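Note that the structure is a prediction, hence the values are computed from the model and not measured. Counting from 1, the numbers follow the sequence of the chain as shown. Any value given below was found using the heavy atoms of this structure, including those in side chains, with hydrogens, waters and symmetry copies removed.
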Amino acid sequence: EGDEKNIRAGIAGFDQLVGYAELVPSSIRIIQLNIARLYIALNDLPSARKYLSLATNSEDLVISKRINLNPVFSQLKQADA
């Protein structure tokens, strides 16, 4: 229960951070990717997919590499199979 509360607080913090106009789009995508990871930790795969989709709406190679190198995202791939 304590972990879930902390994870949800992290998600809320990241969501607020995305609202800052000074952030460049690539930074916003990295934040969205981190939000997806937190939702995976909560086993909320629909929300994780939503943020993963937001993070991957461009041809950003950094995001693609982060997804391919991070085993956490394999959970989404396995759930889709």
Side-chain angles (χ1 to χ4, degrees):
E1 184 178 304
D3 285 344
E4 181 177 346
K5 181 180 176 183
N6 289 334
I7 291 170
R8 291 197 182 280
I11 290 168
F14 278 138
D15 268 334
Q16 288 179 345
L17 188 58
V18 168
Y20 287 109
E22 295 85 20
L23 291 176
V24 295
S26 61
S27 294
I28 291 173
R29 287 190 291 275
I30 290 170
I31 292 168
Q32 291 166 330
L33 194 60
N34 285 320
I35 293 171
R37 289 177 60 197
L38 291 173
Y39 274 122
I40 290 170
L42 292 174
N43 203 31
D44 183 346
L45 300 185
S47 294
R49 282 187 191 91
K50 172 188 167 189
Y51 279 92
L52 186 61
S53 176
L54 290 170
T56 57
N57 67 357
S58 74
E59 297 295 321
D60 190 328
L61 293 177
V62 172
I63 296 297
S64 296
K65 285 184 180 186
R66 284 180 180 240
I67 291 169
N68 290 332
L69 293 175
N70 194 321
V72 171
F73 293 109
S74 66
Q75 290 182 30
L76 290 179
K77 293 176 187 172
Q78 290 171 358
D80 290 338

Glu4 and Ile7: side-chain contact (heavy atoms from CB on, under 4.5 Å), yes or no, with the steps? CA-CA 5 Å; Glu4 181 177 346; Ile7 291 170; 5.7 Å; no

Spatial distance of atom CD1 (Ile35) from atom CD1 (Ile28) [nearest 0.5 Å]: 10.5 Å

Residue pair Leu42 / Arg8, side-chain heavy-atom distance below 4.5 Å: yes

Looking at Asn57 and Ser53, would you say the former's side chain and the latter's main chain have a donor-acceptor pair under 3.5 Å? no

Sub-3.5 Å donor-acceptor pair from the side chain of Asn68 to the main-chain atoms of Ser64, do we have one? yes

Could you measure the distance from the CG atom of Asp44 to the OH atom of Tyr51? Nearest 0.5 Å is fine. 10.5 Å

Looking at side-chain heavy atoms only, is the closest gap between Leu52 and Arg49 below 4.5 Å? no

Side-chain touch Arg29/Val62, heavy atoms, less than 4.5 angstrom: no

Contact between Ile40 and Phe73 at the side-chain level, heavy atoms closer than 4.5 Å - yes or no? yes

Would you compute the distance between atom CG of Asp15 and atom CD of Gln32 and round it to the nearest 0.5 angstrom? 8.5 Å

From CA spacing to verdict: side-chain contact (heavy atoms from CB on, under 4.5 Å), Ile67, Ile63: CA-CA 6 Å; Ile67 291 169; Ile63 296 297; 3.8 Å; yes

